[in-house]
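Remember, predicted model here, so these are calculated numbers, not experimental data.
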Amino acid sequence: ARQCELQAADGGGGDAEGVGPVGRGEGLFPEPCAEADAEQQLEQLRNEHAVILTSLGEGVHWVNRDGKIKFENPASAKMLGYEVAELIGQPAHATMHHTHADGSLHPVSECPIYATLRDGVPRKIKDDVFWRRDGTSFPVDYSCTPIRDENHELSGAVVVFTDITERKLTEATLEGVHQQLLKTSRQ
């Protein structure tokens, strides 16, 4: 552990652990030491948060109030067919949510993510599509939660999404089996 020097009113020294002539509360804790400790703790917390976000299997992206991507985790970038750095600063809607599954245009004015950016209301969306870099789409469920700044002003939103391709395939298979059983039972 890093030791910080304390200076007593009489000029005696001690360390941050309270060893020596100056114990806790008897001396003055120098600002640079307190700031350095706080900065070190903040950096450790940032690193831990980054590890958590990069370890998630779900896609996570953070968009600012203008809908531009501020953060993208590796799982999201992989699902979308990009490198993380390629997505930062890009308009999220035009990059991955521009078109409905049927091929029709998905206007920003109808986008649930942009609705959250406008009104600050969290949303959970089932069975939508996102688009990959290569022009193919994949089905997703996602949640969109507003982010507020220190003044409680809406500053963006975080979107957490899951590729539901496997679930949709399983549902289709089960429906096929169900239909076959119905057909067989009628004979």
Side-chain angles (χ1 to χ4, degrees), residues 46-149 152-187:
R46 282 187 190 123
N47 290 338
E48 289 170 353
H49 287 175
V51 166
I52 291 167
L53 288 170
T54 58
S55 298
L56 290 172
E58 289 82 15
V60 178
H61 66 256
W62 170 16
V63 294
N64 68 13
R65 189 78 194 265
D66 297 324
K68 293 201 175 167
I69 299 168
K70 289 186 72 167
F71 172 85
E72 199 82 26
N73 76 339
S76 176
K78 183 178 179 183
M79 284 186 260
L80 296 167
Y82 291 90
E83 296 296 322
V84 169
E86 294 175 296
L87 290 165
I88 305 305
Q90 297 301 312
H93 189 80
T95 303
M96 68 192 75
H97 205 209
H98 47 78
T99 307
H100 291 291
D102 65 6
S104 63
L105 185 65
H106 186 189
V108 169
S109 61
E110 297 174 10
C111 176
I113 297 167
Y114 275 74
T116 293
L117 290 172
R118 286 189 303 272
D119 64 19
V121 175
R123 290 173 169 77
K124 289 187 184 229
I125 307 300
K126 298 274 186 202
D127 202 19
D128 202 344
V129 294
F130 282 173
W131 293 84
R132 295 183 187 96
R133 175 186 217 158
D134 67 6
T136 60
S137 66
F138 60 101
V140 293
D141 286 347
Y142 66 90
S143 63
C144 183
T145 307
I147 295 177
R148 298 191 181 275
D149 64 18
H152 306 287
E153 297 292 324
L154 192 59
S155 65
V158 65
V159 178
V160 179
F161 67 93
T162 303
D163 180 341
I164 59 169
T165 301
E166 291 297 320
R167 186 184 85 202
K168 302 278 284 176
L169 291 172
T170 301
E171 288 171 355
T173 300
L174 288 173
E175 180 60 26
V177 168
H178 178 73
Q179 292 302 321
Q180 187 63 33
L181 288 172
L182 285 175
K183 184 178 176 182
T184 304
S185 68
R186 290 182 188 140
Q187 295 177 351

>> Please find the pair of heavy atoms, one from S76 and one from G59, that lie closest to each other, and give the distance.
In response: CB-CA, 3.6 Å

> Where do C111 and R118 come nearest, in terms of heavy atoms and distance?
Replying inline: O-NH2, 4.5 Å

> If only atom types and distance count, is the side chain of R123 paired as donor or acceptor with the main-chain N or O of I113 below 3.5 Å?
Replying inline: no

> Is Y142 close to E58 at the side-chain level, that is, under 4.5 Å between some pair of heavy atoms?
Replying inline: no

>> Using 0.5 Å steps for rounding, measure from the CD1 atom of I88 to the CH2 atom of W62.
In response: 10.0 Å

> So, do F138 and T136 sit near enough that their side-chain heavy atoms are less than 4.5 Å apart?
Replying inline: no

> Taking R132 for the side chain and S137 for the main chain, is one N or O donor matched with an acceptor at less than 3.5 Å?
Replying inline: yes

> By side-chain hydrogen bond (donor to acceptor under 3.5 Å, both in side chains), which residues pair with K78, not counting sequence neighbours?
Replying inline: none

>> Assess the residue pair M79 and V140 against the criterion (side chain to side chain contact (heavy atoms under 4.5 Å, CB included)); give the C-alpha distance rounded to whole Å, side-chain angles, the decisive distance to 0.1 Å, and a yes or no.
In response: CA-CA 11 Å; M79 284 186 260; V140 293; over 6 Å; no

> Given side chains that start at C-beta, do those of Y82 and Q90 come closer than 4.5 Å, heavy atoms only?
Replying inline: no

> Is a side-chain donor or acceptor of T116 paired with a backbone partner of V121 at a separation under 3.5 angstrom?
Replying inline: yes

>> With a 4.5 Å cut-off on side-chain heavy atoms, are K126 and I164 touching?
In response: no

>> Please find the pair of heavy atoms, one from A92 and one from V63, that lie closest to each other, and give the distance.
In response: CB-CG1, 3.5 Å

> What's the spacing between K70 NZ and I147 CD1 if we round to 0.5 Å?
Replying inline: 8.0 Å

> Which residues pass the side-chain hydrogen bond (donor to acceptor under 3.5 Å, both in side chains) test with S104, sequence neighbours left out?
Replying inline: D102

> Would you say D149's side chain and S155's backbone share a donor-acceptor pair under 3.5 angstrom?
Replying inline: no

> If you take all heavy atoms of I69 and L87, which pair is closest and at what distance?
Replying inline: CB-O, 3.4 Å

>> According to ring-ring contact (aromatic ring centres under 6.0 Å, His included), does anything in residues 101-124 pair up with another residue at least two apart or in another chain? List the pairs.
In response: H93-H106, H93-Y114, H97-H106, H100-H106

>> Minimum heavy-atom separation for L154 and R65, please, with both atom names.
In response: O-NH1, 3.4 Å

> If only atom types and distance count, is the side chain of E86 paired as donor or acceptor with the main-chain N or O of E83 below 3.5 Å?
Replying inline: yes

> Looking at CG of D141 and CG of D128, how far apart are the two atoms once the value is rounded to the nearest 0.5 Å?
Replying inline: 9.0 Å

>> With heavy-atom distances below 4.5 Å as the criterion, would you say the side chains of V159 and C144 are in contact?
In response: yes

>> Do R167 and T162 make a side-chain contact, defined as non-hydrogen atoms from C-beta onward lying under 4.5 Å apart?
In response: no

> Any idea how F130 and H61 line up, ring-wise: parallel (<30°), tilted (30 to 60°), or perpendicular (>60°)?
Replying inline: tilted

